[in-house]
Structures are given as C-alpha cells and as structure tokens.
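One-based numbering, in listed order, for ligands and for the atoms of each. Note that the structure is predicted; figures quoted are calculated from it, not measured.
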Amino acid sequence: MTEQITNIPDKGKKKRIVIVGGGFGGIKIARKLKGQHYQVVLLDKNNYHLFQPLLYQVATSGIEPSAISFPFRKIFKGYKDFHIRICEVQQVHPEEKQITTSIGSLNYDYLIIATGCYTNYFGNNEMAKHTMSLKTTAEALHNRNQVLESFEKALNTDNPQKRNQLMTFIIVGAGATGIELAGALAEMRKFILPHDYPDLDTSTMKIVLIDGGSRLLPAFSSQSSEEVKKYLTRLGVEILLNKQVKNYENNMLVLNDGSFIESANVYWVAGVKANSLAGFPAECYGPGNRLKVNEYNQIQDFKNIFAIGDTALMISK
Ligand SMILES: Cc1cc2nc3c(=O)[nH]c(=O)nc-3n(C[C@H](O)[C@H](O)[C@H](O)COP(=O)(O)OP(=O)(O)OC[C@H]3O[C@@H](n4cnc5c(N)ncnc54)[C@H](O)[C@@H]3O)c2cc1C
C-alpha cells in the first residue's frame, strides 16, 4: 500500500466520508453534508467544479472558461472539517476501506463515487485521433481555436475544395450536446461571421448534424425531437438521420451507406463511458462501464460505497 495522504486531520470519533469527484453529483452531496457530524474529504483531478452544460458556448466563443469554472475552495469556504485534495483516484480496496490516489492512499468509512464519464469512441481510434470532443475546458478551448483557425485558413486559400473542407462543420451525435453545438455554430454563421469576417462568404459555411438513430434528442419526447428538427432546419443545419459514421481520415468522413462528406472540422459527441473506479468484482459494472447501484445508490454487496450521477447505473423494475 502507498503512503497515506498527508495533512488530513485525525477524524476522531467522527466517520469519514470520502467523495470522489466534484461534478454535479459530488458538490450537491457535499453541500448537503454541511453541518452534519462527519469528516468530509472531497477529491478531484481539478481544483474547480465545471458546469459542463455550457461548454459548447466556450467552444463557440460565446463565453470564457471562467464563467463556467467554480473553484472548490471558494464553494466550500467556511465548511468545518471539510478537506479538499486535488488528485486522481486510481482504485478502491473495499476490503480495507481504502482508496489509492496519485498522492497517496486514504481510508474511508463511507465512499461516494461521483466521477462522471468521458467520451466513448467505441474503439474507433481514428475518430479519437482526428475529431473534436467536448467534455473538458481544454477540449472546448481546443475546439474554439480550431474553428477560428479554420475561418482564417479559409480566407487565405484559393483552393475551393480546401475552403469547402475548412468551412464544413460536422457534428456526430444528436443528443443534447450535439444539437446545442449545431445551434451555436448556426448562430455564429448568422451573427458573428458577417461582422468578424466580412471578407468571408458566410453562405460557404455548412453545418451538418449526423446521427445513427431515427430522430434527434432520442432521450426526449418525440415532440421535442420534431420541434428541435424544425428549429435547426430553419437555422440552416443539414440533418442526416439513420446514418452511421464508419471512418474519418484525410478530411473525409465516410458513412455506412458509402457516401462521404469532406470536412476539416468533425465533432464527436456520440457517446460516453463511465469513469468508474477499478477495484470491484466484474459483476458490479454494467453497460458503459457504469457501477450498478440499488435504490439507495449503494453498489451491490458494498453497503458503505455509493455511486451517483453519470457513473451510476440504477435499474428500476
Ligand atoms: C457539453 C455538455 C452539455 C451538457 N448539457 C446538459 C444539459 O443541458 N442538461 C443536463 O442535465 N445535462 C447536461 N450535460 C450532462 C451533465 O453535465 C452531466 O450529466 C453531469 O455533469 C454529471 O454529473 P456527475 O457529477 O455525474 O459528473 P461530472 O459533472 O462529470 O463530474 C465528475 C467529476 O469527477 C472528477 N473525476 C473523474 N474521475 C476522477 C478520478 N479518477 N479522480 C478524481 N476526480 C475524478 C472530474 O474531474 C469531475 O470534476 C451536458 C454535458 C456536456 C459535456
């Protein structure tokens, strides 16, 4: 076992609750525990909470990262016996009631896993290498730079094929993130481009939204899907449904029906996989690597370990 994390005070007679992940789930529960008779330790890879729903705005230059990043030390200022450590949690050792992290190990009485999820490329390494994803601030800023660079390069080229590739923006995945991105790019074409790039013909900017399913926003009602479809179509977004992406190489996105679209800017927002921690028997992990939980969010057979948020899978009968 590695050394214990230093400088976390002795918990005395209190029970220690360790929360891994300060996303939506982690900060909600940490706030609820304020003033309760527990010692609480919050561990996260970053020193800030990230409000992911507005990442697409950062990616399309609408807002700055500071508008959606909230330092944990500010959120939890004044909380008693509340300790924050920035580290990556690597593994759970349920028998020892201990976790190992990048800065040492730590014992818990109760463990709450709230580690969220990451982009799933379903094993397609080419897509992972060449497309833009949108789960972190770093990715959003990378996307923003790529979009602006594409506009600049499109201005500088006489080659119509190259310009077409630079001005074509493809979004793969028509869930909430995909439709928000498509809408934001369409608004950029309408309101920003004519002012910021007056020498660029805005009609050359194409936005294409692709999904393997038969409707947009499959997790919402079919009425919502229809309304969003109408709205995006009005904004000039091309929508391709029932199409699966096979490959993307040399600015060529190939679909399963053999057709292809040329583009230098492809976003992959077509799936996620849970960041669930290692250390549990295989039967504790469900589809998408999510940790299976009961109605109290307890991981099966581990009464003192809970999983919440995107990393948890609660199956109701
Ligand atoms: C672009 C985008 C738009 C979205 N729009 C919406 C929306 O409109 N409405 C909606 O309801 N939802 C939306 N979502 C989804 C929503 O953001 C998530 O459902 C929510 O953030 C999940 O909360 P969580 O606490 O499970 O995980 P997260 O908020 O992802 O937090 C996980 C935390 O765990 C930390 N972490 C992960 N692994 C480790 C580790 N090993 N060690 C230490 N720390 C770790 C991470 O740094 C992070 O802080 C959107 C998501 C994205 C990406």
Side-chain angles (χ1 to χ4, degrees), residues 5 18-32 41-60 62-63 65 67-73 75-76 83-92 99-106 108 111-120 132-144 171-185 216-217 219-220 224 228 267-280 288-291 293 297 306-314:
I5 296 178
V18 175
I19 303 171
V20 185
F24 276 5
I27 58 163
K28 179 93 181 172
I29 192 123
R31 280 184 161 139
K32 288 258 177 194
V41 181
L42 173 67
L43 306 174
D44 199 294
K45 288 189 280 196
N46 300 313
N47 68 349
Y48 57 88
H49 166 75
L50 177 66
F51 186 77
Q52 292 175 22
L54 288 181
L55 268 176
Y56 79 98
Q57 288 272 2
V58 175
T60 52
I63 57 173
I68 58 165
S69 310
F70 306 91
F72 292 128
R73 295 196 182 277
I75 298 173
F76 298 109
H83 311 278
I84 297 163
R85 291 294 181 276
I86 304 312
C87 61
E88 179 153 10
V89 178
Q90 292 149 342
Q91 179 145 7
V92 186
I99 49 170
T100 40
T101 82
S102 53
I103 56 165
S105 58
L106 185 67
Y108 58 80
L111 178 66
I112 299 171
I113 302 172
T115 41
C117 51
Y118 64 98
T119 304
N120 190 0
M132 295 181 271
S133 50
L134 191 58
K135 282 297 281 177
T136 65
T137 309
E139 288 168 351
L141 286 174
H142 165 84
N143 298 355
R144 178 197 289 204
I171 299 137
V172 184
T177 305
I179 62 139
E180 280 165 353
L181 255 179
L185 286 166
L216 305 180
L217 283 181
F220 292 71
S224 304
V228 166
Y267 297 86
W268 180 267
V269 287
V272 289
K273 205 168 177 184
N275 275 321
S276 50
L277 300 175
F280 300 103
N289 210 29
R290 288 190 156 90
L291 284 163
V293 295
N297 281 83
F306 301 78
I308 60 173
D310 281 358
T311 205
L313 175 67
M314 190 186 288

So for Ala114, does at least one of its heavy atoms come nearer than 4.0 angstrom to any atom of ligand 1?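 It does, in that a heavy atom of Ala114 comes within the 4.0 Å cut-off of ligand 1.
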Is any side-chain heavy atom of Phe280 closer than 4.5 Å to one of Ile113?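 They are in contact (side-chain heavy atoms under 4.5 Å apart), so the answer is yes.
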Find all atoms of ligand 1 within a distance of less than 4.0 Å from any non-hydrogen atom belonging to Asn46, and give their numbers and elements.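 In order of numbering, the contacting atoms are 47 (O).
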Closest approach of any protein heavy atom to atom 22 (C) of ligand 1, naming residue and atom: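 Of every protein heavy atom, Asp310 OD2, 3.3 Å lies nearest to atom 22 (C) of ligand 1.
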Could you identify the single nearest non-hydrogen protein atom to atom 27 (O) of ligand 1 and state the distance to 0.1 Å?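 The answer is Gly116 CA, 3.3 Å.
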Could you tell me the residue and atom name of the protein heavy atom closest to atom 49 (O) of ligand 1, and the distance to it rounded to 0.1 Å?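 For atom 49 (O) of ligand 1, the nearest protein heavy atom comes out as Asp44 OD2, 2.6 Å.
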Can you tell me if Glu180 contacts ligand 1 (heavy atom of the residue under 4.0 Å from the ligand)?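 Heavy atoms of Glu180 do come under 4.0 Å of ligand 1.
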Atoms of ligand 1 close to Thr177 [distance to a heavy atom under 4.0 angstrom, numbered from 1]: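 Numbered from 1, ligand 1 contributes 1 (C), 2 (C), 3 (C), 52 (C).
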Output the distance between atom NE2 (His83) and atom CG (Leu42), rounded to the nearest 0.5 Å.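 One finds 11.5 Å between NE2 of His83 and CG of Leu42.
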Is any side-chain heavy atom of Leu55 less than 4.5 Å from a side-chain heavy atom of Leu50?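 A side-chain contact exists here, since the closest heavy-atom pair is under 4.5 Å.
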Can you tell me if Cys87 has a non-hydrogen atom under 4.0 Å from ligand 1?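 Under 4.0 Å: yes for Cys87.
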Atoms of ligand 1, numbered as shown, that sit under 4.0 Å from any heavy atom of Gly21: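 Selected atoms, number and element: 33 (C), 34 (O), 35 (C).
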Can you tell me the protein heavy atom closest to atom 25 (O) of ligand 1 and the distance?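 Scanning the protein heavy atoms, the shortest distance from atom 25 (O) of ligand 1 goes to Gly25 N, 2.8 Å.
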Identify the two heavy atoms, one from Ala307 and one from Ala312, that lie closest to each other, and give their separation to 0.1 Å.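 Taking Ala307 first and Ala312 second, the nearest heavy atoms are O-CB, 3.4 Å.
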Option nearest atom 41 (N) of ligand 1 (shortest heavy-atom distance, choices Ile113, Val89, Thr136):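 The residue whose heavy atom sits nearest atom 41 (N) of ligand 1 is Val89.
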Please report the interatomic distance CZ(Arg144) to OG1(Thr137), rounded to the nearest 0.5 Å.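 Reported to 0.5 Å precision, the distance equals 11.0 Å.
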Return yes if some donor-acceptor pair links the side-chain N/O of Ser102 with the main-chain N/O of Cys87 below 3.5 Å, else return no.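 Side chain of Ser102 to backbone of Cys87: no pair is present.
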Could you tell me the residue and atom name of the protein heavy atom closest to atom 9 (N) of ligand 1, and the distance to it rounded to 0.1 Å?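 The closest heavy atom on the protein side is Pro53 CG, 4.5 Å.
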Show the nearest heavy-atom pair for residues Asn47 and Ile86, with the distance to one decimal.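 Nearest heavy atoms, Asn47 then Ile86: CA-CD1, 3.5 Å.
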Heavy-atom contacts with Gly309 under 4.0 Å: which atoms of ligand 1 show up? List them by number with element.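 Near Gly309, meaning under 4.0 Å from one of its heavy atoms, ligand 1 has 26 (O).
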Flag the pair Tyr56 / Asn143 as yes when at least one side-chain heavy-atom distance between them is below 4.5 Å, and no otherwise.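 With C-beta onward as the side chain, the pair stays apart.
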Between Leu277, Leu43, Leu134, flag the one that comes closest to atom 53 (C) of ligand 1 by a heavy atom.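 The residue whose heavy atom sits nearest atom 53 (C) of ligand 1 is Leu134.
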So, applying side-chain contact (heavy atoms from CB on, under 4.5 Å) with Ile308, which one of Thr115, Val293, Ile29 is it?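 The side-chain contact (heavy atoms from CB on, under 4.5 Å) with Ile308 is passed solely by Ile29 among Thr115, Val293, Ile29.
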For Glu88, atoms of ligand 1 separated by under 4.0 Å from a heavy atom: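 Under 4.0 Å from Glu88, ligand 1 has these atoms: 41 (N), 42 (N).
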Shortest protein contact, atom 51 (C) of ligand 1 (heavy atom only):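 Protein heavy atom at minimum distance: Gln52 OE1, 3.6 Å.
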Is the number of heavy atoms from other residues, nucleotides or ligands within 6.0 Å of NZ (Lys135) greater than 12?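 More than 12 within 6.0 Å, yes.
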Does the protein put a heavy atom under 4.0 Å from atom 15 (C) of ligand 1?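 There is no protein heavy atom less than 4.0 Å from atom 15 (C) of ligand 1.
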What distance separates Ile19 CD1 from Leu111 CG, expressed to the nearest 0.5 Å?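 That separation rounds to 9.5 Å.
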Lys135 heavy atoms, cut-off 4.0 Å: which ligand 1 atoms fall inside?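 Ligand 1 atoms under the 4.0 Å threshold to Lys135: 53 (C).
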Counting heavy atoms only, which of Ala312, Ser102, Gly23 comes nearest to atom 29 (O) of ligand 1?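 Nearest heavy atom to atom 29 (O) of ligand 1 lies in Gly23.
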Heavy-atom closest contact (Ala174 atom, Ile179 atom, distance):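 Result for this residue pair: O-CG2, 4.0 Å.
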Just need the protein heavy atom nearest to atom 23 (O) of ligand 1, so name the residue and atom and give the distance.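 Nearest neighbour among protein heavy atoms for atom 23 (O) of ligand 1, to 0.1 Å: Phe24 CB, 3.5 Å.
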Of all heavy-atom pairs between Arg73 and Ile84, which one has the smallest distance, and what is that distance?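 Distance-wise, the nearest heavy atoms are NH2-O, 2.9 Å.
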Can you find an N or O of Tyr48 that's nearer than 3.5 Å to an N or O of ligand 1?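 N/O-N/O distance below 3.5 Å does not exist for this pair.
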Locate the shortest heavy-atom distance separating Ala274 from Tyr118; write the atom from each residue and the value.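 Minimum heavy-atom separation between Ala274 and Tyr118: O-CE2, 3.6 Å.
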Protein residue, atom and distance nearest to atom 37 (C) of ligand 1, heavy-atom basis: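 Nearest neighbour among protein heavy atoms for atom 37 (C) of ligand 1, to 0.1 Å: Thr115 O, 3.1 Å.
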Distance flag for atom 11 (O) of ligand 1, protein heavy atom under 4.0 Å: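 So far as the 4.0 Å threshold goes, atom 11 (O) of ligand 1 is out of reach of every protein heavy atom.
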